[in-house]
Each structure stands twice: as C-alpha cells, then as structure tokens.
Amino acid sequence: MNIFRLAGDMTHLLSILVLLLKIYATKSCSGVSRKTQELYAIVFLARYLDLFTDFISVYNTFMKIVFIASSLAIVWCIRVHPMVKRSYDKDLDTFRHYLLVAASFLLALFLHEKFTFLEIFWAFSIYLEAVAILPQLVLLQRSGNVDNLTGQYVFFLGAYRGLYILNWIYRYLTEPRFTRWIACVSGVVQTALYADFFYYYFISWKNNSKLKLPA
Amino acid sequence: GPLSSTKDEL
C-alpha cells in the first residue's frame with residue numbers, strides 16, 4: 001500500500017459518501033444516472049468475485065464489501081425507494097449502457113492476463129469501469145445546471161482513478177516485477193474521459209459559478 | 001517471484 005493508492009481509495013469512498021448524502025439529504029436522484037450506478041454495481045460484483053476465496057487484508061475485504069453494498073444500495077434507492085424513484089429522469093438517462101457491458105465483456109474475452117473465469121471477469125470489470133461514467137456525463141450535459149453534490153460526486157469519482165495512476169507509476173518504479181498493463185491503460189482512458197468535466201469543474205470553482213457542461 | 005497475479009488493489 002502506498003499513499004497514492006490510499007488517497008485513491010479514500011477519494012473513491014468519499015465520492016460514494018457524497019452521492020449517498022445527496023440522495024439521503026435531498027431524497028432525490030435528480031442529475032444522477034441510474035445506468036452509471038448499475039454499471040458500477042456490475043463492476044464491483046465482477047471484480048470482487050474472489051471476495052471469499054482470496055483474503056488480502058482486513059482493509060481490502062472491508063472496502064470490497066463497502067463498495068458492493070453501497071453500489072447495490074444506491075441502485076435499490078433509485079429503482080425502488082418511492083421518493084427517490086419519482087425524481088429519476090429516465091428521459092434524460094438514455095445511454096444504451098448494455099452496449100458498454102457487451103463491448104467490455106467481449107474485449108475481456110480477448111484481452112486478459114490469464115484465460116480463467118476470475119481473470120476474464122476481472123478484466124471485464126476493469127474495462128467496464130473505464131466507460132461506466134459515460135451515461136452520467138451524458139446526463140450532466142443534458143440536464144443543464146448540475147447541483148453541487150452531484151458535481152462533487154463526479155469529481156471525486158474521476159479523481160480516484162487519477163490517483164491510482166500515480167500509484168501504478170510509484171509501484172512500477174519501486175517494485176521490480178510490477179506490471180498491471182490492463183489496469184493502467186484502462187485507468188488512463190477512464191481518467192481521460194473526465195478531462196472536459198474536470199475543465200468545466202475547475203472553471204466553475206475558479207469563477208465561483210454554477211457548474212455547467214456545454215450541451 | 002511469479003507475476004503477482006493476486007489482485008491486491010481494489
């Protein structure tokens with residue numbers, strides 16, 4: 001474990017807490033893409049299949065459970081909770097996210113570290129996570145002004161993988177046999193997808209104005 | 001040692 005990875009995990013956890021706060025405090029999921037939340041639930045379920053078989057550390061197991069439970073709870077909230085469900089705008093959240101699932105799984109069948117069930121699902125989860133934010137970014141562009149908590153949620157979610165890139169550089173420089181190409185390349189693509197959001201987020205922070213993504 | 005195939009990252 002290094003400071004970059006710990007900061008990355010804490011930023012990821014913070015993004016989830018901010019989203020939970022938004023949904024709980026406002027009893028609304030306006031501006032939140034249900035499809036991105038569903039994709040993240042699939043990402044965690046596919047990535048942590050070894051939750052009960054490979055024990056790495058208490059921290060690792062605890063965080064995996066938190067990520068799986070929170071992503072499922074958020075999807076449940078948006079799909080089932082009567083107050084929150086009413087605020088879901090399905091006419092704006094129209095990204096065909098099942099195509100992202102299919103493409104990621106297909107890619108994982110060809111590009112993986114080992115042709116085993118766990119490794120293919122792990123690669124699938126890495127590729128899917130890289131594109132999981134797309135429905136949310138499309139929704140933000142369509143829904144005009146973005147409320148603060150939703151903007152902060154997306155910012156922290158994008159920042160966490162950026163910190164992981166620093167972690168991979170650090171590990172590459174300090175650990176002789178560290179190679180994690182699938183996660184590294186995918187992580188760079190994932191962070192790059194946030195580039196324009198980060199730009200407009202910075203502008204809104206600098207001008208102390210409302211975050212607005214151009215349509 | 002062998003390639004660390006164990007996924008120690010989240």
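Note: hydrogens, waters and symmetry copies are ignored here, and every other heavy atom, side chains too, is used. A, B, ... follow the sequence lines: proteins, then strands. Residue 1 opens every chain.
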If you draw a 6.0 Å radius around [atom1] in [X], do more than 12 non-hydrogen atoms from other residues or ligands fall strictly inside?
| X | atom1 | result |
| --- | --- | --- |
| A:Phe55 | CZ | yes |
| A:Tyr170 | OH | no |
| A:Lys85 | NZ | no |

Between CE of A:Met1 and CG of B:Asp8, what distance do you get to the nearest 0.5 Å?
->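 A:Met1 CE to B:Asp8 CG: 8.5 Å, rounded to 0.5 Å.
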Can you tell which of A:Tyr59, A:Tyr48, A:Trp122 has the highest number of heavy-atom pairs within less than 4.5 Å of chain B?
->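 Option with the greatest count: A:Trp122.
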Can you sort out the partners of A:Tyr88 under side chain to side chain donor-acceptor pair (under 3.5 Å), two or more places apart, ordered by chain and number?
->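 With sequence neighbours excluded, A:Tyr88 shows a side chain to side chain donor-acceptor pair (under 3.5 Å) to A:Asp93, given in chain and number order.
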Ion pair check, B:Lys7 and A:Glu119, cut-off under 4.0 Å |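 The answer is yes: the pair qualifies as a salt bridge.
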Residue part contacting chain B, namely of A:Asp9, when any heavy atom lies under 4.5 Å |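 Side chain only.
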Those residues of residues 151-164 of chain A, ordered by number, that approach chain B below 4.5 Å (heavy atom to heavy atom) =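 The stretch touches chain B at A:Arg161, A:Tyr164.
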